[in-house]
Amino acid sequence: MSFSEQEVERYARHLVLREIGGSGQQRLKAARVLIVGVGGLGSPAALYLAAAGVGTLGLLDPDTVALSNLQRQVMYDMADVGRGKALSAGLRLSGLNPEIEIDPLPMALDAANAAELVAGYDVVLDGTDDFATRFAVNAACVAKGKPLVSGAIGRWSGQVGVFGAGLTRGKPLAERQPCYQCLVNETPPDAEACSLVGVVGALAGVVGSMMALEAIKLIAGAGEPLNGRLWVYDALDGESRTVRLSADPACRVCAAA
Amino acid sequence: MKLWVNGEERAVQAVSDVAGLVAALGLDSRKVAVERNFEIVPRSTYGRTPVAEGDRIEIVHFIGGG
């Protein structure tokens, strides 16, 4: 796979990075990434991955743009209000980078269709706003052997983790990476929806950008992706830390996978 | 026993394992993960993960917004 003169100029700042360079940029161009939920987290994640030259981006979201989304969903503007997110985002990203392919997927993901959707991609990003969808994405990633970059926000807190359980299936427990459900076993009672408790808009930018960054590291083979770790950010305190996760030997999703 | 809980030293009723600590702190394990010495403890292993004097415990609340 070679680059046109235009691409060499577009990706110049990546090409000079030792950890990306020509080979990493080629891996980005060959990569297929599915973004589940093109909202607060999916917006910055998709913008940065499109700008970075990820060759194919799947944009999955069943919703239409609401005025209250514009406080944090930087993908959209006033003209998009009332329009479908997947199609609006596709147009925006094609304008940003016409070198890449976009799969607009204006649909919901659930336990019935998740595996089929995930199967066509190399890396999956989950920035959805409900636990049932998160569990379905996770189970599909484990079943299809895909790395999952998961991000979540609420009020002033953010979390990002990379769950590689799908890549270590069948290995001894000590060598297995955790899945999302090793961390979150079941839907927390009284789970807080952002619509009820609020979320500071710029936090979506921090966490969504971190998700894009982890995907770029995974694809380009740069540094140490957050596999088996969770990055926890407290925006009010201005503090973050990274904690280790391990596979739960009794996990209902990945223990027997 | 003395533990560091969320960055502050705290006297907690003596417990031997994470299951005991969760009960002593009144945590709902469906809503939070327990981190012991910078590692999140898988829920199914609470009963066999020891807690010792001076351990650093953090409570990580699950969030699911996007």
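Atoms considered below: every heavy atom in the structure, side chains included; atoms not considered: hydrogens, waters and symmetry mates. Each chain gets a letter, A, B and so on, in the order its sequence line appears, and its residues count up from 1.
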Tell me, for Ala204(A) versus chain B, whether the close heavy atoms (under 4.5 Å) come from the side chain, the backbone, both or neither.
neither

Between Asn37(B) and chain A, which part of the residue has a heavy atom less than 4.5 Å away: side chain, backbone, both or neither?
backbone

Arg241(A), part contacting chain B, at a heavy-atom distance under 4.5 Å
side chain

Is it true that Gln73(A) and Lys85(A) share a donor-acceptor pair across their side chains at a distance under 3.5 Å?
yes

Say whether, by atom type as modelled, one donor and one acceptor occur between the side chain of Asn113(A) and the main chain of Ala108(A) under 3.5 angstrom.
yes

Examine whether an atom of Leu183(A) lies under 4.5 Å from a heavy atom of chain B, and if so say whether it belongs to the side chain, the backbone or both; otherwise answer neither.
both

For the CD1 atom of Ile102(A) and the CZ atom of Arg92(A), what is their distance to the nearest 0.5 Å?
12.0 Å

Engaged part of Thr128(A) at the chain B interface, taking heavy atoms whose separation is under 4.5 Å
backbone

Taking atom types as modelled, is there a side-chain donor on Asp248(A) or Ser44(B) under 3.5 Å from an acceptor on the other?
yes

At what distance, to the nearest 0.5 angstrom, does CG of Leu3(B) lie from CZ of Arg10(B)?
9.0 Å

What class does the angle between the rings of Phe131(A) and Tyr180(A) fall in, given that below 30° is parallel, 30 to 60° is tilted and above 60° is perpendicular?
parallel

Interface check, chain B: of Asp129(A), Ile153(A), Val199(A), Leu41(A), most non-hydrogen pairs under 4.5 Å belong to Ile153(A)

Tell me which of these, Pro249(A), Gly37(A), Cys182(A), Gly42(A), has more heavy-atom pairs under 4.5 Å with chain B than the rest.
Pro249(A)

Only pairs of heavy atoms separated by less than 4.5 Å count here; which of Ser29(B), Ala33(B), Gly64(B) has the most with chain A?
Gly64(B)

